[in-house]
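Since the model is a prediction, treat every value here as computed from it, not as a measurement.
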Amino acid sequence: MGHRRRPGGLVAYGVTHVDQFRQCANHVDKILRGQQPAELPVEQPTRLRLTLNLATARGLGVAVAQATLLRADEVLS
């Protein structure tokens with residue numbers, strides 16, 4: 001089932017569920033191999049995703065810089 005996009009959001013910046021699940025699976029693997037949960041380090045996400053919604057930007061009268069568009073992982077029109 002695909003993702004349903006809801007109109008309105010201008011910018012989203014954060015981790016993806018896939019990356020979070022992968023990180024969780026790595027922790028579970030370490031625990032199942034005998035490492036104590038209390039010994040596992042707290043890990044920060046290593047990759048963040050930027051999504052821009054140009055339809056919302058137009059509706060708000062916000063100009064999005066070309067450099068920002070080029071850095072975005074996903075641009076919704």
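Hydrophobic cluster membership of Val28, counting Ile, Leu, Val, Met, Phe, Trp and Tyr whose side-chain heavy atoms lie under 4.5 Å apart directly or via other members: Leu32.
When side chains are defined from C-beta on, Leu60 counts as touching Leu10, because their heavy atoms get closer than 4.5 Å. At least one side-chain heavy atom of Arg33 sits under 4.5 Å from a side-chain heavy atom of Asp29.
A search for side chain to side chain donor-acceptor pair (under 3.5 Å) contacts involving Arg71 returns nothing, not counting sequence neighbours.
Panel note: side chain Arg58, backbone Ser77; a donor-acceptor pair is recorded below 3.5 Å.
There is no path of hydrophobic side-chain contacts, each under 4.5 Å, that joins Leu76 to Leu69. One hydrophobic cluster holds both Tyr13 and Val15 under the rule that ILVMFWY side chains link at heavy-atom gaps under 4.5 Å.
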Check: residues 37-52 side-chain donor-acceptor pairs under 3.5 Å, at least two apart:
| unit_1 | atom_1 | unit_2 | atom_2 | d |
| --- | --- | --- | --- | --- |
| Glu43 | OE1 | Gln23 | NE2 | 3.1 |
| Arg47 | NE | Asp19 | OD2 | 3.3 |
| Arg47 | NH2 | Asp19 | OD1 | 3.1 |
| Arg47 | NH2 | Asp19 | OD2 | 3.0 |
| Arg49 | NH2 | Glu74 | OE1 | 3.3 |

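Closest of all the heavy-atom pairs between Ala72 and Val75 is CB-CG2, 3.8 Å.
One distance of note links CZ of Phe21 with CG of Asn26; it measures 14.0 Å at 0.5 Å rounding.
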Give the intermediate values and the outcome of side-chain contact (heavy atoms from CB on, under 4.5 Å) for residues Val64 and Leu54.
CA-CA 8 Å; Val64 179; Leu54 293 182; 4.1 Å; yes
